[in-house]
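So you know, we letter chains A, B, ... as the sequences are listed, proteins then strands, and number each from 1.
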Amino acid sequence: MPVTSVNVQHLTKRFGETLALDDITFDAGKGELFGFIGPDGAGKTTLFRIMTTLLLPDAGICKVEGYDVVKDYRKIRSICGYMPGKFSLYHDLTVEENLNFFATIFGTTIRENYDLVKEIYQQIEPFKDRKAGKLSGGMKQKLALSCAMIHKPEILFLDEPTTGVDAVSRLEFWEMLKRLKRSGITILVSTPYMDEAGLCDRVALMQNGRIMTINTPRNIIRNYPLSLLSVKAGDIYRLLGDLRKYPDVHSVYPFGQSAHVAFHGPDIEKESLEKFLNKKNHDVVEIMQVEATIEDCFMELMKTPGEVINH
Amino acid sequence: MSSSSENIIIVKNLVKKFGSFVANDHLTFEVKKGEIFGFLGANGAGKTTAIKILCGLSYPTSGELSVAGFDIYSQREKVKRNIGYMSQRFSLYDDLTVFENIRFYGGIYGLRKKEIDSRSHALMQRLGFESARNKLIRDIPLGWKQKLAFSVAILHSPKIVFLDEPTGGVDPVTRRQFWDMIYETSHDGITVFVTTHYMDEAEYCDRVSIMVDGKIAALDTPDNLKLTFGAASMNDVFIKLARG
């Protein structure tokens with residue numbers, strides 16, 4: 001059994017009428033890259049703010065590296081690095097001043113821990129005299145990550161680091177995380193982008209304050225309970241409408257230029273579906289059985305709120 | 001999606017400079033009536049600058065532009081009356097109710113009270129929002145807000161609707177319901193001009209343009225783009241282009 005880095009049991013948080021976190025339980029292992037995947041309002045930020053000791057839970061236990069978030073908050077603050085969802089560096093300080101500021105707060109210097117942030121910081125170092133407010137989205141991300149790392153934390157909390165960032169910067173950010181992970185640091189990261197799940201060791205899929213499932217991305221896909229066909233035809237809009245009328249169909253969702261059609265049971269009637277579509281004058285380009293994506297799994301879990309399966 | 005080939009947006013050699021920085025560098029493209037046109041690019045590629053110009057909110061440095069049949073220099077107010085706009089950052093007033101927001105936008109676009117009443121009634125019925133008529137926007141779920149914001153943006157039956165990252169942060173089911181609405185709108189002949197960071201959404205578009213460093217680096221149907229760049233998905237096309 002690997003050593004636990006974060007231990008959360010029955011964590012609950014309420015804001016007025018809203019149940020922001022509803023009985024959250026999970027463990028993240030030492031050195032693990034653990035992802036929280038879900039839309040706005042799932043409770044990701046609330047959870048991150050509790051884990052980083054910025055918010056008190058109403059009920060439940062939350063321990064970071066063995067320390068309790070309520071009793072030992074000072075200790076936790078010194079060993080964790082936090083990158084909040086909103087860019088929260090000082091806009092009117094330069095790149096270097098920001099990094100220096102965070103180093104000083106934690107009683108260290110840029111020089112002392114330069115090796116830790118070198119790989120990331122070097123990419124923005126040519127702009128070290130530029131005000132942080134004037135940086136592009138991708139550069140802000142790199143500076144924020146450098147600032148979160150400069151005190152050599154044991155664990156990193158990254159709250160939606162890639163939201164609103166273009167596909168290339170997202171890819172580069174995940175490449176950075178993968179390299180960081182090799183140093184043995186534990187990383188907890190949240191994202192609304194389902195396609196980023198595959199880059200994590202394990203993920204928790206979240207919705208409305210609850211964890212719907214926790215597993216490796218591979219196992220989440222393996223546990224998808226339905227059979228899935230990908231259908232492509234000339235007019236996707238008309239195709240979606242007609243597919244929804246097909247008997248025994250469980251769900252129909254557009255995926256890019258194809259439609260994903262889910263059925264119960266393993267027997268997929270490709271031929272009869274093709275006949276059905278031909279009768280409705282679709283020029284069917286292809287029908288093939290496909291493996292579910294994390295997004296298929298997420299949408300299916302949204303439909304069937306049941307017991308959390310924890311592995 | 002429309003069979004008509006009438007061009008509703010015509011852009012020739014659009015240049016926009018801020019000092020010595022060239023944000024839009026000789027953009028040339030057309031968008032057809034009823035088309036779903038994806039406008040993609042990396043952060044800082046110049047998308048927002050171009051959209052502001054197309055919406056009549058900023059003058060180009062040079063170039064010829066016609067939007068919804070009107071000249072962008074001399075007929076800006078007419079352009080504004082014939083387009084709708086929705087963005088993720090701003091769409092509705094949090095401290096007004098659902099109905100007040102609809103009435104407010106209807107009023108801005110010069111709809112009569114009767115028209116506002118009948119259109120808002122039809123709209124709430126279609127969205128299934130009747131129970132939320134008098135709820136404050138801040139109290140309704142994000143997915144509802146986005147659907148409502150989109151409906152409000154086309155309340156005055158514009159010729160074009162601009163959607164600036166409309167689906168950020170919503171769950172995958174709501175995101176797809178939103179695209180259903182986009183398809184419907186396009187079937188009704190309204191042109192949809194959309195930006196997004198979700199590359200699977202790029203595949204829902206009839207045609208996609210990808211901006212890199214102020215220029216349009218590629219413009220075609222998603223199928224042709226994938227073919228041209230030997231890529232399996234629009235995500236791969238985008239990464240190949242934007243990484244250079």
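For the atom pair Asp171(B) CG and Leu205(A) CG, the distance stands at 12.5 Å (nearest 0.5 Å). Rounding to the nearest 0.5 Å places OH of Tyr183(B) at 5.5 Å from CD1 of Ile236(A). Between Glu165(B) atom CD and Thr163(A) atom OG1 the span is 10.5 Å, to the nearest 0.5 Å. The CZ atom of Arg170(A) sits 7.5 Å away from atom CE of Met199(B), with the distance rounded to the nearest 0.5 Å. Here CE of Met302(A) is found 5.5 Å from OG1 of Thr174(B). Values are rounded to the nearest 0.5 Å. Interatomic distance, CG of Asp166(A) versus NZ of Lys47(B), reported as 7.0 Å (0.5 Å rounding).
Because its NZ or CZ atom is both nearer than 6.0 Å to the ring centre of Phe255(A) and within 45° of the ring axis, Arg176(B) counts as a cation-pi partner of that residue.
Most heavy-atom pairs under 4.5 Å with chain A: of the set Asp223(B), Leu40(B), Asn235(B), this distinction falls to Asp223(B).
The local environment of NZ in Lys226(B) is crowded, with over 12 non-hydrogen atoms from other residues, nucleotides or ligands closer than 6.0 Å. At most 12 non-hydrogen atoms from other residues, nucleotides or ligands lie less than 6.0 angstrom from NZ of Lys52(B). Summarising the local packing, CG of Asp220(B) is surrounded by more than 12 heavy atoms from other residues, nucleotides or ligands at distances under 6.0 Å.
Panel note: side chain Asn43(B), backbone Val165(A); no donor-acceptor pair is recorded below 3.5 Å. Checking side-chain atoms of Tyr204(B) against main-chain N and O of Pro254(A) turns up a donor-acceptor pair under 3.5 Å.
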side-chain contact (heavy atoms from CB on, under 4.5 Å) between Val173(B) and Phe298(A), worked out: CA-CA 9 Å; Val173(B) 171; Phe298(A) 194 97; over 6 Å; no

Evaluation steps, side-chain contact (heavy atoms from CB on, under 4.5 Å), between Arg175(B) and Met194(A): CA-CA 12 Å; Arg175(B) 203 151 70 81; Met194(A) 307 272 148; 5.9 Å; no

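Between Ala167(A) and Phe238(B), the shortest heavy-atom distance links the atoms CB-CD2, 3.6 Å. Heavy-atom minimum distance, Asp180(B) versus Leu240(A): OD1-CD1, 4.2 Å.
Looking at Lys232(A), the atoms closer than 4.5 Å to chain B (heavy atoms on both sides) all sit in the side chain, from C-beta outward. Of the two parts of Glu17(A), neither the backbone nor the side chain holds a non-hydrogen atom closer than 4.5 Å to a non-hydrogen atom of chain B.
Taking 4.5 Å as the limit, every side-chain heavy atom of Tyr198(B) sits out of range of all side-chain heavy atoms of Asp195(A). Using a 4.5 Å heavy-atom threshold, the side chains of Asp200(B) and Glu295(A) count as touching.
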